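Being a predicted model, the structure only gives us computed values, none of them experimental.
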Amino acid sequence: MKYISLPAAVQEGPPRRVSFYLAMEEFVARRLAGVDGEGDEYFFMWQVEPSVIFGRNQLIDNEVNQEFCRKHGIRMYRRKSGGGCVYADRRNVMFSYVSSQGQVGFTFHRYLSMVVTMLRRLGVDASATGRNDIMIGPRKVSGTAFYLLPGRSIVHGTMLYDTDMVNMVGAITPSDAKLLSKGVASVYQRVALLKDYILLSLPEFKQFARQTLCHGELELTEEQVAEIEQMEREYLSDEFIYGRNPRYTLVRRRRIEHVGELEARIEVKNGIIRSVNLMGDFLLVGDLDNGLLRKVRGVPLEHAALRRVLPDRIDDIIMNLMTEDFVQLIVDS
């Protein structure tokens, strides 16, 4: 696996935003992955000023305390992968992994295995559990998300070295002082900070991760950086960040074990489904709009009718989601 580095002029310049690194992942996947033969893998690490990054299918109003973020200078970004909202700052590090392997599930589990093995080499009792977490004992040290491009897989994750917990909690939950203090205490009980388990400084840990995971380096050119900056514009547009508010007449919400939080906003006329917009922190492994949501348009809002038009399995579109659970979400009040 090759490490992707930036030119010295970029590294020594002003800090880049989350949007730049998300575009950099996409650039590597679209322009570099696969150029050296089947099975090419690329990896890089990045750090940013305080930011929240919410998933492709999440509503910013549901996930982010925008008032707190503006007050504390925390920037807000949307990514193209599923999963939940995360906080990042200079005291933690973000991992990006790109593979020419088109099976995103295989790539995802390979990434988790590599990171867990790397942490265990440091003497850390790490394990991959749940849908997308890396744990140290019962505490979470890393959350991971992924998405698929044609013939390419992109996986990215947090690594909580020493994160600002007040910002983390305040940016994603109400900022009332009492709630905030309780939230920080609660997060401390559920989250592991890597600095408490290893003797390495953050720069030393980054160097160890790079040496352990990568063999060889590919430095991007200034022309390639300019192309990434062009791709970055999409990630900075208001339409991409805030999204269009879909029309709806019904809202259904449910938490499904091993799938996540789901919210369906359904437009119905005369008992017929006109459209469904599905949001939440679930993980996509297939085409949501064309592979699932389009099938229910024009169908009566009834259990039997929905069951007839849907395939027996949809967990190849949303990880771990069963068809019956999806139908129950849409039909039940």
What's the verdict on salt bridge (Lys or Arg N to Asp or Glu O under 4.0 Å) for Glu227 and Arg31, showing C-alpha distance, side-chain angles and the deciding distance? CA-CA 10 Å; Glu227 187 171 349; Arg31 303 286 191 270; 2.5 Å; yes

For Phe146, run the ring-ring contact (aromatic ring centres under 6.0 Å, His included) check against Phe106, Tyr111, Tyr97, Phe108 and tell me which one passes. Phe108

Does [Y] offer a backbone N or O that forms a donor-acceptor pair with the side chain of [X] under 3.5 Å?
| X | Y | result |
| --- | --- | --- |
| Thr323 | Pro311 | yes |
| Thr249 | Val268 | yes |
| Thr117 | Val115 | no |
| Gln328 | Asp325 | no |
| Thr107 | Ser153 | no |
| Asp289 | Arg294 | no |
| Arg152 | Ala29 | yes |

Return the [atom1] to [atom2] distance between [X] and [Y], rounded to the nearest 0.5 Å.
| X | Y | atom1 | atom2 | value |
| --- | --- | --- | --- | --- |
| Asn320 | Ile256 | CG | CD1 | 10.5 Å |
| Phe44 | Met1 | CZ | CE | 12.0 Å |
| Asn92 | Gln47 | CG | CD | 7.5 Å |

Quick check on side chain to side chain contact (heavy atoms under 4.5 Å, CB included): which of Leu220, Val225, Val98 does Phe27 satisfy it with? Leu220

If you take all heavy atoms of Ser127 and Val116, which pair is closest and at what distance? C-CG2, 3.9 Å

Write down the atom of Arg78, the atom of Ile60, and the distance for their closest heavy-atom approach. NH2-N, 4.4 Å

Classify the side-chain pair His156/Thr144 by whether it contains a donor and acceptor separated by less than 3.5 Å. no

Quick check, are the ring centers of Phe240 and Tyr235 under 6.0 angstrom apart? yes

Name the atoms and distances for all side-chain donor-acceptor pairs under 3.5 Å in residues 6-20, with sequence neighbours left out.
residue	atom	partner	partner atom	Å
Gln11	NE2	Leu6	O	2.5
Arg16	NH1	Glu229	OE2	2.7
Arg16	NH2	Glu229	OE2	3.2
Ser19	OG	Glu232	OE2	2.6

Parallel, tilted or perpendicular, judged at 30° and 60°: which one describes the rings of Phe95 and Phe43? perpendicular

Can you confirm if the NZ or CZ of Arg210 lies within 45° of the ring axis of Tyr3 and under 6.0 Å from the centre of its six-membered ring? yes

Arg265 side chain reached by Ser275 side chain, heavy atoms, under 4.5 Å: no

